*Asks:* 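Can you read through this structure? Questions will come right after.
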Amino acid sequence: MTDRTPLVAGNWKMHRDHLEAIQLVQRLAYHLTEEDTDGQEVTVHPPFTALRSVQTLIDSDRLRLILGAQDCHPDAEGAHTGDVSVPMLARLAVGYVIVGHSERRLHHGEDDALVARKARAALGGGLRPIVCVGEGQAVRDAGRAEEVVLAQVRGSLEGVEPDDPARVVVAYEPVWAIGTGRTATPDDAQAMAAAIRAELAERSGAAFAAGVRILYGGSVKPANIRSIMAQPDVDGVLVGGASLSAEDFALIVGHRRL
Ligand code: PGA
């Protein structure tokens, strides 16, 4: 019952320099058919140093890929050594930016309030934030996964109220599934996505909640993509490791052919 456009996002993390990035995108373009990308959005999120090269390639070869970034600063400019702002990304035709990835929460001390500021900055600058949430192993073992994730959703989306709900994306990524080869079961992914949507409905109304895309992330591979995408509340995937292989990422994007 949904007209949500599926989104397949490739998060390269700190992999590939700008020359390797060009190669990877060229190989990906070679493997992708028009049928694969029809009716869905596909993003690639290289490191900042490769954004310009990948943007030029997407542009010149008219690739059906959307450029994404992995993070942004909440301010438009300022004395923030090492940071990159939303207007800078917008100038590079970046369409989506990941905010609040668990690796940033863990290694850079990012909390929900900061993630919400980044998400609001992204929207204000014309980008679409992919807001990441997800529980750790101890929280899941304690049976508190839903409670913790929904609190993250409330905090990380504070004041994030786009006119068009398609402009905000939530990625549910259980920390214990990231880079571990352990995936949430399709049922668990569906249950959490449905709980997130119910939370959004309570906050912003059913119509809004129905328009927000909710992704699953954590060890997504060609072998498990179909069962994940078959879940009614899962509107796409955020792919880490497998997005570094053009062949695997193309299979994930082309999951309808598998
Ligand atoms: P993974 O990473 O696919 O390598 O588990 C997912 C992510 O961190 O976005």
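Quick note: numbers below take in every heavy atom, side chains included, and nothing from hydrogens, waters or symmetry partners. Everything numeric here is computed off the predicted structure, so don't read it as measured data.
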*Asks:* I'd like to check Met229 versus Pro6 (side-chain heavy atoms, cut-off strictly below 4.5 Å). Are they in contact?
*Replies:* yes
*Asks:* Do His45 and Trp12 come close enough that some side-chain heavy atom pair is under 4.5 Å?
*Replies:* no
*Asks:* Would you say that Arg213 contacts Arg128 through its side chain, given a criterion of any heavy-atom pair below 4.5 Å between the two side chains?
*Replies:* yes
*Asks:* Any non-hydrogen side-chain atom of Asp111 less than 4.5 Å from a side-chain atom of Val115?
*Replies:* no
*Asks:* Tell me the closest heavy-atom pair linking Gln55 and Leu92, and the distance in Å.
*Replies:* CG-O, 3.1 Å
*Asks:* Spell out, yes or no, whether Met192 and Val175 are grouped together once hydrophobic residues are joined by side-chain heavy atoms under 4.5 Å, including indirect joins.
*Replies:* no
*Asks:* Indicate yes or no for a side-chain donor-acceptor contact from Lys118 to the backbone of Val99 under 3.5 Å, with no hydrogens or angles considered.
*Replies:* no
*Asks:* Give me the atom names and distance for the closest heavy-atom approach of Ala177 to Tyr216.
*Replies:* CB-OH, 3.6 Å
*Asks:* Kindly say whether Gly240 contributes a backbone atom to a donor-acceptor pair with the side chain of Ser243 at under 3.5 angstrom?
*Replies:* yes
*Asks:* I'd like to know if the side chain of Ser245 reaches the main chain of Ala242, judged simply by a donor and an acceptor atom lying under 3.5 Å from each other, with no hydrogens or angles considered.
*Replies:* no
*Asks:* Would you say that Leu244 contacts Lys13 through its side chain, given a criterion of any heavy-atom pair below 4.5 Å between the two side chains?
*Replies:* no
*Asks:* Could you tell me whether Asp164 atom CG has more than 12 heavy atoms of other residues or ligands within 6.0 Å of it?
*Replies:* yes
*Asks:* Which of these, Val54, Asp61, Asp59, sits in a side-chain contact (heavy atoms from CB on, under 4.5 Å) with Leu57?
*Replies:* Asp61
*Asks:* Is Arg167 atom CZ crowded by more than 12 heavy atoms from other residues, nucleotides or ligands, each under 6.0 Å away?
*Replies:* yes
*Asks:* Please tell me whether Ser156 and Arg117 have a donor and an acceptor in their side chains that are separated by less than 3.5 angstrom.
*Replies:* no
*Asks:* Is any side-chain heavy atom of His31 closer than 4.5 Å to a side-chain heavy atom of Glu247?
*Replies:* yes
*Asks:* Would you sort out whether Ser85 and Asp75 count as a side-chain contact (heavy atoms from CB on, under 4.5 Å), showing the intermediate values?
*Replies:* CA-CA 6 Å; Ser85 74; Asp75 294 346; over 6 Å; no
*Asks:* Taking the side chain as C-beta and beyond, is there a heavy-atom pair between Asp248 and Val239 under 4.5 Å?
*Replies:* no
*Asks:* Could you pull out all donor-acceptor pairs under 3.5 Å where a side-chain atom in residues 250-258 meets a protein atom, sequence neighbours excluded?
*Replies:*
| from | atom 1 | to | atom 2 | distance (Å) |
| --- | --- | --- | --- | --- |
| Arg256 | NH1 | Asp38 | O | 3.2 |
| Arg256 | NH2 | Glu35 | O | 3.1 |
| Arg256 | NH2 | Asp36 | O | 2.8 |
| Arg256 | NH2 | Asp38 | O | 3.0 |
| Arg257 | NE | Asp36 | OD1 | 2.7 |
| Arg257 | NH2 | Asp36 | OD1 | 3.1 |
| Arg257 | NH2 | Asp36 | OD2 | 2.7 |

*Asks:* Decide whether Val97 and Phe48 are clustered together by the hydrophobic rule: side chain heavy atoms of Ile, Leu, Val, Met, Phe, Trp, Tyr closer than 4.5 Å, transitively.
*Replies:* yes
*Asks:* Are any of the side-chain nitrogens in Glu110 or Arg105 under 4.0 Å away from the carboxylate oxygens of its partner?
*Replies:* no
*Asks:* Considering all heavy atoms of both residues, which atom of Ala201 and which atom of Ala209 are nearest to each other, and what is their separation?
*Replies:* N-CB, 3.4 Å
*Asks:* Between Arg120 and Glu161, does the salt bridge (Lys or Arg N to Asp or Glu O under 4.0 Å) criterion hold? Intermediate values first, please.
*Replies:* CA-CA 8 Å; Arg120 292 195 297 267; Glu161 301 275 358; over 6 Å; no
*Asks:* Let's go through Gln190 and Asp233 carefully: what are the C-alpha distance in whole Å and the side-chain angles of both, what is the deciding distance for side-chain hydrogen bond (donor to acceptor under 3.5 Å, both in side chains) to 0.1 Å, and is it a yes or a no?
*Replies:* CA-CA 6 Å; Gln190 164 58 23; Asp233 282 294; 2.9 Å; yes
*Asks:* Is Arg154 paired with Glu199 through a side-chain N to carboxylate O contact shorter than 4.0 Å?
*Replies:* yes
*Asks:* Under 4.5 Å side-chain heavy-atom separation, chaining through any Ile, Leu, Val, Met, Phe, Trp or Tyr, what else clusters with Leu7? Say none if it is isolated.
*Replies:* Ile66, Tyr96, Ile98, Ile130, Val169, Leu215, Leu238
*Asks:* Determine whether more than 12 heavy atoms belonging to other residues, nucleotides or ligands lie under 6.0 Å from atom CZ of Arg104.
*Replies:* yes
*Asks:* Which is it for Trp176 and Glu135 under the side-chain hydrogen bond (donor to acceptor under 3.5 Å, both in side chains) test, yes or no, and what are the steps along the way?
*Replies:* CA-CA 8 Å; Trp176 47 268; Glu135 83 286 358; 3.0 Å; yes
*Asks:* His101 and Asp71: side-chain hydrogen bond (donor to acceptor under 3.5 Å, both in side chains), yes or no, with the steps?
*Replies:* CA-CA 8 Å; His101 189 280; Asp71 184 38; over 6 Å; no
*Asks:* On a heavy-atom basis, which atom in Ala195 and which in Glu146 lie closest, and how many Å separate them?
*Replies:* CB-CD, 3.7 Å
*Asks:* Can you spot which of Leu200, Val131, Asp235 makes a side-chain contact (heavy atoms from CB on, under 4.5 Å) with Val212?
*Replies:* Leu200
*Asks:* Evaluate side-chain hydrogen bond (donor to acceptor under 3.5 Å, both in side chains) for Arg140 paired with Gln137, printing each intermediate quantity in order.
*Replies:* CA-CA 5 Å; Arg140 171 137 303 245; Gln137 182 71 61; over 6 Å; no
*Asks:* Taking Gln23 for the side chain and Leu19 for the main chain, is one N or O donor matched with an acceptor at less than 3.5 Å?
*Replies:* no
*Asks:* Find out whether Val234 and Ile214 are in side-chain contact, i.e. whether some heavy atom of one side chain is under 4.5 Å from a heavy atom of the other.
*Replies:* no
